[in-house]
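Take a look at the structure set out below.
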Amino acid sequence: MNFTEFLNEAKEGKNLHLEHLEDNIFNRGVAGARESIAFLQSLRDMLAGRSQSKINVTTKWDGAPAVFCGINPDNGKFFVGTKGVFAKNAKLNYTNDDIDKNHPGAGLNEKLKIALAFLPKLGIKGVLQGDMMFTKSDLKKERIDGEQFVTFQPNTIVYAVPTDTKLAKSIQAAQMGIVFHTSYSGRTFETMKASFNIDIGHLTKTKDVWFRDASFVDASGTATFTEKETAQITNLLSNAGRTFQSISSLVLNRIAASEPILLQIKTFNNTKVRAGEKITNTTAHVNELTRWVENRLNAEILKAKMAATKQKKQIEKNEIMRFYRTNAVQLKLIFDLMNLIVDAKLMVVKKLQEMKQVTGTFIRTDDGFKITNPEGFVAVDRLSGGALKLIDRLEFSQENFNAQKQWDK
């Protein structure tokens with residue numbers, strides 16, 4: 001397998017897309033449910049002041065576009081790219097001509113050319129993945145609540161740094177800014193896997209690139225649960241464990257194994273996120289999900305023109321609807337488990353959000369700026385390197401679903 005074929009493989013171990021903690025129960029069935037509960041137990045221990053936590057926390061910066069950069073071992077050349085490097089026809093850019101060919105859109109084209117010009121100065125030996133935060137033309141000086149800030153808005157969130165700080169001066173001197181969160185390692189690219197336990201200490205510092213890793217910084221030193229909060233999250237996790245034990249492993253694993261059912265459940269849940277609706281009545285949620293799936297499948301049957309295709313889709317629909325109707329009670333329990341995991345996750349997220357971060361974070365409004373929390377956090381297993389997103393989806397994901405990407409205007 002050569003380097004391009006490796007990048008074409010969007011398999012486990014390649015960081016294409018981080019999944020939400022609660023979605024792990026659908027993605028990986030029984031194993032995913034166990035993993036999500038274990039992650040939360042370790043996060044509780046960390047925030048309760050127990051130093052033996054197996055979990056490391058990183059901040060999820062709201063940057064864009066995603067940038068992959070480093071050396072292609074097949075030819076020894078430096079490349080940059082976006083998530084297109086994982087496409088069937090991998091888009092690896094070694095020159096500006098490559099960027100013009102692969103990414104003709106004005107915004108992304110300009111960003112990648114700047115990345116190609118300045119990222120080689122860091123002396124990257126392997127391959128790194130990060131989120132671009134700004135290029136020099138993105139930086140603005142804006143006044144927020146009477147104070148002067150240097151601001152940049154790569155995506156939904158506006159990041160703001162007081163102009164009289166050392167951080168602001170280093171940002172203003174740079175041609176671009178990037179936050180690295182993933183490295184790729186292995187004896188060959190054929191065996192290379194993503195790791196979130198990233199170390200960028202060996203990179204060469206240059207004024208042209210402001211860079212950092214995504215490690216969580218508690219600038220206030222107060223990231224701990226109170227005894228009451230520790231007892232509360234422990235109770236949630238105990239209830240999650242009991243609920244998990246009552247769920248049929250066959251049903252939970254069937255969801256993970258069936259791509260149509262998995263996508264239906266996650267897509268329907270995302271309609272609730274977009275609408276800003278919390279799932280409270282899980283029985284009603286299962287009933288609404290079942291009707292929604294049936295309506296979609298009926299529409300697909302109606303669209304089919306060939307009789308044989310209609311018959312095939314009808315058979316598929318009958319099988320899928322049989323699953324939903326015969327497992328309504330089990331599905332309710334699964335959503336009950338999801339809610340308990342979400343409630344425990346939100347306790348962790350809210351506590352982390354209380355901490356002072358490296359920059360201020362705002363949402364731009366018609367009236368100016370509204371203070372907002374960071375996009376979220378990522379829990380990383382210190383041993384396995386596996387990672388899951390910790391995001392208040394009703395707060396951030398709803399805004400992010402419909403946000404215009406600043407770099408793609």
Side-chain angles (χ1 to χ4, degrees), residues 1-18 61 63-136 154 174-214 385 387 405 407-408:
M1 180 183 292
N2 61 31
F3 176 65
T4 300
E5 288 170 333
F6 156 75
L7 289 177
N8 284 340
E9 282 205 346
K11 293 184 177 181
E12 187 174 355
K14 313 301 187 289
N15 180 22
L16 276 174
H17 177 67
L18 276 175
W61 290 71
V67 174
F68 295 77
C69 55
I71 305 297
N72 179 346
D74 287 350
N75 56 25
K77 294 181 180 179
F78 186 91
F79 77 94
V80 298
T82 67
K83 289 186 179 179
V85 297
F86 292 94
K88 185 176 181 180
N89 297 314
K91 297 179 179 179
L92 305 180
N93 304 293
Y94 305 102
T95 66
N96 284 344
D97 287 341
D98 291 337
I99 295 172
D100 286 336
K101 175 184 175 182
N102 294 326
H103 309 280
L108 183 56
N109 181 280
E110 179 186 357
K111 299 287 187 190
L112 288 178
K113 285 180 179 177
I114 291 172
L116 184 61
F118 295 103
L119 287 179
K121 295 186 176 185
L122 302 185
I124 300 169
K125 301 300 183 185
V127 175
L128 293 178
Q129 179 182 348
D131 293 316
M132 186 176 283
M133 302 306 297
F134 64 84
T135 55
K136 187 172 280 292
Q175 298 295 323
M176 64 167 289
I178 186 168
V179 175
F180 293 113
H181 51 73
T182 310
S183 63
Y184 292 85
S185 61
R187 292 181 64 86
T188 66
F189 270 101
E190 181 178 353
T191 58
M192 192 169 274
K193 290 186 178 181
S195 173
F196 297 91
N197 294 316
I198 185 172
D199 178 11
I200 59 171
H202 64 283
L203 296 184
T204 302
K205 293 183 179 179
T206 168
K207 68 179 181 62
D208 291 322
V209 182
W210 177 83
F211 68 92
R212 56 164 293 140
D213 62 23
K405 310 304 183 187
W407 48 270
D408 202 27

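- Lys91 contributes atom NZ, which lies 6.0 Å from atom NE2 of His103 (distance to the nearest 0.5 angstrom).
- Put simply, NZ on Lys136 and CZ on Phe118 are 9.0 Å apart, with the number rounded to the nearest 0.5 Å.
- Once rounded to the nearest 0.5 Å, the distance linking CD1 of Ile114 with CG of Asn109 reads 10.0 Å.
- Looking at every heavy atom in both residues, Pro65 comes nearest to Leu108 through CG-CD1, 3.5 Å.
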Can you list, pair by pair, the side-chain donor-acceptor contacts under 3.5 Å of residues 198-209, counting residues two or more places apart and other chains?
unit_1: Asp199; atom_1: OD1; unit_2: Gly201; atom_2: N; d: 2.9
unit_1: His202; atom_1: ND1; unit_2: Asp199; atom_2: O; d: 3.4
unit_1: Thr206; atom_1: OG1; unit_2: Asp208; atom_2: N; d: 3.2
unit_1: Asp208; atom_1: OD2; unit_2: Lys121; atom_2: NZ; d: 2.5

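- Atoms CE and CZ, from Met176 and Phe134 in turn, are 8.0 Å apart once rounded to the nearest 0.5 Å.
- Across all their heavy atoms, Phe78 and Tyr94 have their closest contact at O-CD2, 3.4 Å.
- Looking at residues two or more places apart in sequence or on another chain, you find no side chain to side chain contact (heavy atoms under 4.5 Å, CB included) involving Lys101.
- The CZ atom of Phe79 lies 12.0 Å from the CD1 atom of Ile99; values are rounded to the nearest 0.5 Å.
- Across all their heavy atoms, Ile124 and Cys69 have their closest contact at CD1-SG, 3.6 Å.
- Nearest heavy atoms, Lys111 versus Thr135: NZ-OG1, 3.2 Å.
- Closest approach of Lys113 to Asn96, counting heavy atoms only: CG-OD1, 3.4 Å.
- Asn93 CG to Asn102 CG: the interatomic distance, rounded to the nearest 0.5 Å, is 5.0 Å.
- In this structure, Leu128 and Ser183 approach most closely via the heavy-atom pair CD2-CB, 3.7 Å.
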